[in-house]
Enquirer: 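Take this structure first; my questions come after.
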Amino acid sequence: MSAKTITSYTEGLKELRNNLQDMLPSDSLQVFDNDAKKMASTFREILKVGPGKKAPNFTLSNAVGESVNLYDRLKNNKVILVFYRGTWCPYCNLALSQYSSINDEIKNQGAELIAISPQTPDESLSIKEKNNLGFEVLSDNGNLV
């Protein structure tokens, strides 16, 4: 990720935090901040599969209802999987926007970016269109992956 992208993401986080401060009561914001700190210290490694290890295969529906199989995609490219909570999460939307801004760099390195969320394909389509995302957005309704 380029220094410009990191700066843009950091600025976006600050702006989002300031907006939340204006929208939420201070006690609610404090709970949010405390939870974020606890998660950051508790969950150092959230992945079940570590870097360099082979991920289990899966097939999920994309934003237009087509099936996407991980191992089929891996035949042509490396795959970068990102997980997000859904369209309702402002931090997730910011992260997806940042991924979108570096998607060309990812492709130039011979990889494909795929985002996965527990939301429905309709919601995946909505976020893909809303944020003009140039990568697959898959629906994992049962949180199986």
Side-chain angles (χ1 to χ4, degrees), residues 1-25 28-29 31-40 42-51 53-145:
M1 197 178 302
S2 69
K4 182 179 177 183
T5 302
I6 292 170
T7 300
S8 174
Y9 182 70
T10 302
E11 289 170 2
L13 281 175
K14 286 179 185 175
E15 180 181 347
L16 180 57
R17 178 63 173 79
N18 289 337
N19 290 343
L20 287 174
Q21 187 172 355
D22 293 340
M23 294 185 302
L24 296 174
S28 296
L29 190 58
V31 169
F32 184 80
D33 288 343
N34 290 342
D35 284 349
K37 287 176 188 173
K38 182 178 179 183
M39 287 177 66
T42 304
F43 298 106
R44 289 299 196 193
E45 184 59 50
I46 61 170
L47 299 175
K48 292 181 182 177
V49 178
K53 302 296 181 190
K54 188 173 182 177
N57 195 21
F58 62 81
T59 301
L60 295 172
S61 294
N62 68 8
V64 293
E66 299 169 340
S67 293
V68 174
N69 179 275
L70 175 62
Y71 285 7
D72 286 346
R73 293 298 174 105
L74 285 169
K75 290 175 185 174
N76 301 319
N77 295 308
K78 297 173 189 170
V79 174
I80 299 171
L81 297 175
V82 297
F83 296 86
Y84 70 101
R85 295 183 286 182
T87 57
W88 56 269
C89 175
Y91 290 99
C92 297
N93 291 327
L94 177 63
L96 289 177
S97 175
Q98 293 302 309
Y99 289 132
S100 185
S101 73
I102 62 168
N103 195 35
D104 286 341
E105 292 177 49
I106 291 170
K107 288 178 182 177
N108 289 339
Q109 295 297 316
E112 176 184 9
L113 180 63
I114 298 176
I116 300 175
S117 171
Q119 63 192 4
T120 66
D122 285 345
E123 287 295 320
S124 293
L125 180 60
S126 175
I127 198 164
K128 187 169 178 157
E129 290 175 344
K130 177 182 171 185
N131 294 304
N132 197 28
L133 303 177
F135 50 85
E136 289 283 10
V137 178
L138 305 183
S139 179
D140 183 13
N141 281 36
N143 286 312
L144 301 174
V145 175

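Keep in mind that the numbers below use all heavy atoms, side chains included, and drop hydrogens, waters and symmetry copies.
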Enquirer: If we ignore hydrogens and angles and just use 3.5 Å, is the side chain of Asn77 paired with the main-chain N or O of Val79 as donor and acceptor?
Expert: no

Enquirer: Minimum heavy-atom separation for Thr87 and Gln119, please, with both atom names.
Expert: N-OE1, 3.1 Å

Enquirer: Quick check: closest heavy atoms across Lys54 and Tyr71, and the distance to 0.1 Å?
Expert: CE-OH, 3.3 Å

Enquirer: How far apart are the closest heavy atoms of Ser124 and Ser139, and which atoms are they?
Expert: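 Nearest heavy atoms, Ser124 then Ser139: OG-CB, 4.1 Å.
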
Enquirer: Of all heavy-atom pairs between Pro56 and Leu70, which one has the smallest distance, and what is that distance?
Expert: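 So the minimum-distance heavy-atom pair works out to O-CD2, 3.6 Å.
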
Enquirer: Using 0.5 Å steps for rounding, measure from the CG atom of Asn108 to the CG atom of Asn103.
Expert: 9.5 Å

Enquirer: Treating Glu112 as the side-chain partner and Arg73 as the backbone partner, does any N or O pair qualify as donor plus acceptor under 3.5 Å?
Expert: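 No; judged by distance alone, with no hydrogens or angles, the pair does not exist.
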
Enquirer: How long is the span from the CD atom in Glu136 to the CG atom in Leu60, to the nearest 0.5 Å?
Expert: 10.5 Å

Enquirer: Would you name the heavy atoms of Leu133 and Ser100 that are closest together and state the gap between them?
Expert: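 For Leu133 and Ser100, the tightest heavy-atom pair comes out as CD2-CB, 3.7 Å.
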
Enquirer: How long is the span from the CG atom in Asn62 to the CD1 atom in Ile114, to the nearest 0.5 Å?
Expert: 9.5 Å

Enquirer: Let me see the working for Asn93 and Tyr84 under side chain to side chain contact (heavy atoms under 4.5 Å, CB included), right down to the final yes or no.
Expert: CA-CA 8 Å; Asn93 291 327; Tyr84 70 101; 5.7 Å; no

Enquirer: Side chains of Leu144 and Phe58, heavy atoms from C-beta outward: is any pair under 4.5 Å?
Expert: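 Result no, sub-4.5 Å side-chain heavy-atom pair not found.
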
Enquirer: Using modelled atom types and a 3.5 Å cut-off, is there a donor and acceptor pairing between side-chain atoms of Lys107 and backbone atoms of Leu113?
Expert: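 Checked: no pair found.
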
Enquirer: So, applying side-chain contact (heavy atoms from CB on, under 4.5 Å) with Phe83, which one of Asp140, Ile116, Leu138 is it?
Expert: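 When Asp140, Ile116, Leu138 are each tested with Phe83, the side-chain contact (heavy atoms from CB on, under 4.5 Å) holds only for Ile116.
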
Enquirer: With rounding to the nearest 0.5 Å, note down the distance linking OH in Tyr99 to CD1 in Ile80.
Expert: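 These two atoms lie 9.0 Å from each other.
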
Enquirer: Nearest heavy-atom pair of Ser67 and Thr59: which atoms, and what distance?
Expert: CB-CG2, 3.7 Å

